[in-house]
Amino acid sequence: MSTMLEVENVSKSFGGVRANRSISLKVEKGRIVGLIGPNGSGKTTLFSSIVGTHPIDKGTIRFQEQEISHLRVAEIARLGLIRTFQQTRIYGRMTCIENMLISTSQRGGSLVNLFQVHNPEREKQAEDLLAFVGLHAKRKLQAGSLSFGQQKLLEFAMALMNEPKMLMLDEPTAGINPTLINGVIDRLKQANKEFAVTLFVIEHNMNVIMNMAEHIYCLAHGELLAEGPPEQVRNDRRVIDAYLGAH
Amino acid sequence: MRAPYAKFAGYLAILLVGLAAPLLFSAYQSQMAELWLFIVFALTWDLVGGQMGYNSFGNVVFLGIGMYACAAVQVGLFYEVSTYNNARGGGATVFTFDLGQYLEGLAIGLPVGAVLAAIAAAILGGLVLGMRGHYFAICTLGLGIAAGQIANGWEWIGAGSGMVPPTPPAALGDLSRFYYFLAMALAIATFLVLRWLYTTRFRLAINAIRDNEDKAESMGLKTTRIKVMAWVIAAFFLGIAGGLLGNLKRFIDPIDTAFAGATFGVWMVLMAILGGKGTLWGPVIGAAVFQVVKETTWTYLLGWQRVALGLLIVVIVVFFPQGIMGYFRERFPARFGHRVEEAARPDRAEETTG
């Protein structure tokens, strides 16, 4: 199995706050990998570092063997590495279907593509994916009028519309109605299997992540604390201490 | 299928009224010509300010560039521009233009103005479109003022005493009528180009930038390039409008006509907001209402016209923050296509989660 993402010795400080300290981790192609840790442990910072939102202080980040730590956000997205946000980001005053249509992959797309009018194939794909997350009936509503949970689902569908090779999800189930959470997990697993998308997921809900991930990394105080299969991480003394505040 | 016919009839009616208006109300020709140009102002402002969410107070830069460039080409093809401007109507040479020269100057001057305005937008856009929100608005305000001051000090184009576009030959006939039809053609062309543009993915891209630029970037859109392109398109049409306006007014003052941030620059924004930002018809309706109110108050409330205009601004902001079109869209969202449509196929989420 080849490596999709390889992070090596990445450090990032904001002034005096050392948000990430020489973190190294690997995500294998086709896997679902989890990232856990208490609040403020540096998970989202690591995500932002990987997708190029801010430059890193030290270390290397390779995506499919290509060094990406010097690339810009849009360039990294065009390689097929897409993230979603903890505070959902959608285009509020556009309809759901429009949100989907502008989310198609920009890989190799030039500016000329922007002047295309209709593309039935793309429209069908957008509708299928909206049905996939259960928003088909609302496709012509403004995205901003959806509930928070629905917006989260829409953002997930938008990410899939981009046909990413790897998808980094920041708390995909936070704020979602518990009955719907199982649906989300199913869909994430399905996306992983059917569309062959590698997933790297930040999650606070232990049941969700234990249920989904094949390998888990745990951060605490900006450092990598533990890693391994879910069962092993769950029972790791250091992890339990970190969550209960014994640190 | 009544809708397409109704639409076609509507367009036809506007076209006929537009063609007949100068013949029926020939006393108001220049005001009506100005109205067509205002429609171009509002439409091009809305492309960047409404559809893309980048409020610009500096679009007069492109208007002024088009105005000066067109006049300079019109003169420069046949005379030395600096001697022409230095004569100030009292020199030894008499500068005359026959019909052929006048039309040739216009035919070359208008596109040159458009292209120069577009180039200016590409260069300035690269510099200032990295800024967002209020910072961009303030920065463009500065650009407009700076451009006015540069023109005010540039001898070649007449500096502070302004520049007079070529005197039209008698053979041209009624000047206001001539420019009325050119302005109308430009407004229709601008409208049609934007109408087409708003059916493409380009509109989705600039709307996405308006709604959440960080998200658009993280989905792989090259936002800076798209923003610059939108401004370039706006500047191109505004450059032509500038060329026409200078010739219609027959005098170019650097600060009051060309780079008139306090009048045209603000009016563009007002017209778009009044009609409804981010809609195709909003700016057109806004421009029409604005010009009618402006001209009526100029006529019947002389001395108080600025007060009336100020009150209009207050009324717009307080009662119609979304503009006329925006008000209707909010009241009747279904008419604008925002509705729940029960699917022909069931949503899969409902199947699995109940």
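Reminder, nothing fancy here: chain letters follow the sequence lines and each chain counts from 1.
Considering OH of A:Tyr91 and CE of B:Met219, their distance stands at 6.0 Å, rounded to 0.5 Å. Interatomic distance, OG1 of B:Thr224 versus CZ of A:Arg72, reported as 7.0 Å (0.5 Å rounding). We find the CZ-CZ distance between A:Arg122 and B:Arg201 to be 4.0 Å, quoted to the nearest 0.5 Å. Taking OG1 of A:Thr53 as the start and CG of B:Asp214 as the end, the distance is 8.0 Å to the nearest 0.5 Å. Atom NZ of residue B:Lys215 and atom CZ of residue A:Arg83 lie 9.0 Å apart, to the nearest 0.5 angstrom.
Atom CZ of B:Phe328 is surrounded by 12 or fewer heavy atoms from other residues, nucleotides or ligands within 6.0 Å. In the displayed structure, A:Phe14 atom CZ is contacted under 6.0 Å by more than 12 heavy atoms of other residues, nucleotides or ligands. Counting non-hydrogen atoms of other residues, nucleotides and ligands closer than 6.0 Å to CZ of A:Phe148 gives a total above 12. Counting non-hydrogen atoms of other residues, nucleotides and ligands closer than 6.0 Å to NZ of A:Lys193 gives a total of 12 or fewer. Environment of OH in B:Tyr11: crowded, with over 12 heavy atoms of neighbouring residues, nucleotides or ligands closer than 6.0 Å. The local environment of CZ in B:Arg195 is sparse, with at most 12 non-hydrogen atoms from other residues, nucleotides or ligands closer than 6.0 Å.
Neither the backbone nor the side chain of A:Val51 comes within contact range of chain B, judged by heavy atoms closer than 4.5 Å. Only the backbone of A:Ile90 comes within contact range of chain B, with heavy atoms under 4.5 Å apart. For A:Met161, no part lies near chain B; criterion is any non-hydrogen pair under 4.5 Å. With a 4.5 angstrom heavy-atom cutoff, A:Ser103 touches chain B via backbone and side-chain atoms both.
With chain A as the partner, the residue from B:Thr199, B:Leu204, B:Leu197, B:Thr223 showing the most heavy-atom pairs under 4.5 Å is B:Leu204. With respect to chain B, the highest number of heavy-atom pairs below 4.5 Å among A:Met158, A:Gln142, A:Lys140, A:Glu75 belongs to A:Lys140.
The heavy-atom pair separating A:Gly92 from B:Asp211 by the smallest distance is N-OD2, 3.4 Å. Minimum heavy-atom separation, A:Ala77 to B:Ser218: CB-O, 3.3 Å.
Between the side chain of A:Arg93 and the backbone N or O of B:Asn207, no donor-acceptor pair lies under 3.5 Å.
Counting only heavy atoms from C-beta outward, the side chains of A:Met94 and B:Arg210 approach each other to under 4.5 Å.
Salt-bridge formation is detected for the pair A:Glu98/B:Arg203: a Lys NZ or Arg NE/NH1/NH2 atom is positioned less than 4.0 Å from an Asp or Glu carboxylate oxygen.
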